[in-house]
Amino acid sequence: MTNFKKNFVAVFVLFLCGVLTFPAVAQDDHAHIKIDVERTIGEVDSLIYGNFLEHLGRAVYGGAYDPDSPKANDKGFRKDVIKASKELNVTQLRYPGGNFSSNYHWKDGVGPEDERPNRMELAWSRLESNHFGTNEFMEFTRAVDAKPYFTVNMGTGSMTEAQQWVEYTNVESGPYYAELRKKHGYEEPWNIKYWSLGNEMDGFWQIGHLNATDYAKKARETAKVMRLTDPSIELIAAGASNFRPDANPMHWNRVVLEELKNVVDYLALHIYVGNPDDNYYNFMSTPLVLEERTKIVEGMIRDVMSRADRGDRPPVKIAWDEWNVWYRARAGDSMTGDRALEEKYNLEDALVVAGFLNAFVRNADVVKMANMAQLVNVIAPIFTNGDDMYKQTTYYPLQLFSEYTYGTALDVYVDSETYDTDQFFIGLGESQTQQDNVPYLDVSASYKDNGEVIINVVNRHKDQAITTDIISQKGEFSGEFEVYEVNGPDVKANNNFKETKVKTEKKSSIQADGSEITYSFPAHSYTLIKGKIKTE
Ligand code: AHR
């Protein structure tokens, strides 16, 4: 016998005796999630659970602020919206736009209500009464326990106007605008920390749209006077939002980062996805596009930071300060007036929302802020009419994440079956993509100092549950694991004022003991599992 034959026979005999097995992963058809508490990514920043309130449609008037509603409190804010926002754990709230901010002059919205001017609102074609402005918004943020995040007007606004806004809100006393605030009844400064230097200035639709170099020049000088007014503020530059096939968004990001590398604290990115061709599996892969863009910008930040002089300030971070599903109410009449952008969400949209949140957690080292756009009525998780309110499908995944997913993000290993998408547009007015090897299981996890591990799993499969072995690589799962699931009868199921078909359900807990938990994730579901890992 030749050596080769001898070796082959020996291996074959060992295999028959059960000493050797081929290959280990093929032993069962389970998917695998491996959790290693030592493979860390970065701290999950609570600012990723932000939201957005723009003067647009019924977001402010008829949403947050509705003095004529039986649901209004003595300040005119809706109590039901406040309650739902608090339950959503909104950590920070962006205001007053969006596109609205590029033609908004903040002085119109302060002082006695009957002296405030009506203005033509050009971004979304409404009449703006200015009854809700800086101080009303600040009172609303207090009511919902959120931090404020303001966007200055870099379209028709001037750097002086931006400086005076910081003076009005953040300077204790002395100069004219600080004293004006006091005259308006607000003795203490609001101390607004987060300020965005304009909105989507790369978009041709933006009032006052600029090229990257001109934007960077204007932003740098505006930042200078704002910081001289209050050195403690943090500034967010408008990164790319225009991902249409003919745009060059990464050129915009590169120029803005290079020019503002010593000035800003965050670069803002925006993304809206949709399912206009009704292709479920394509749609379910869209959070991967956000992740791809995050990685590209992260690389650019690294490169630019190597030439930056930032003193002891940390490197620039990414703020996904507008993200959501938005494609139905995105044309014709649904784009303007008092009922603009009233998107109604279904289960598949909620799963994509969970996918976005997973992507933020997986990139927790660089994504330090994010804002679902928006909070109420306008592409929003909360929806009202005159006297009633309901929670849209997208409310539930955001609420589950913001309730539990904190601590250190973990670099999770996932082995599940995959699928390939077609070439498709990720949403209206967006670029095309084609994704190979999209795992049916989309996973993120985080770990807290008290030993608690939180695992978020979207099963993208439309029809099949996926039985999964969740394996702890370091330490053992121990005790009761709570399980929460967002699901509904089918992927098109939605909620309305009468029925809540899609919501969070607490499932039976898992009693864990050892390094493995086996769980079957139902078709088209998002599940959060949390419990302790004992490492000693
Ligand atoms: O959130 C709706 C709009 O989308 C915002 O006003 C704008 O910034 C973006 O294009």
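Numbers here are sequence positions counted from 1. As the structure lists them, so they are numbered: ligands from 1, and atoms in each ligand from 1.
A salt bridge does not link Asp349 with Lys344: every distance from a Lys NZ or Arg NE/NH1/NH2 to an Asp or Glu carboxylate oxygen is 4.0 Å or more. Ion pair Glu87/Lys391 flagged as a salt bridge, since at least one NZ, NE, NH1 or NH2 atom sits closer than 4.0 Å to an Asp/Glu carboxylate oxygen. With respect to the salt-bridge test (charged N to carboxylate O, under 4.0 angstrom), the residues Glu161 and Lys107 do not qualify.
Near ligand 1, Phe52, Glu54, Gly98, Asn99, Trp124, Asn199, Glu200, Tyr272, Glu322, Trp326, Leu341, Gln374, Ile379 each place a heavy atom less than 4.0 angstrom from the ligand.
Under the 3.5 Å distance criterion, the side-chain polar atoms of Arg126 are left unmatched by any main-chain donor or acceptor of Asp338.
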Evaluation steps, side chain to side chain donor-acceptor pair (under 3.5 Å), between Glu348 and Asn275: CA-CA 9 Å; Glu348 64 185 20; Asn275 189 10; 2.9 Å; yes

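Seen from the ring of Phe383, Arg58 counts as a face-on cation partner, given the 6.0 Å and 45° thresholds.
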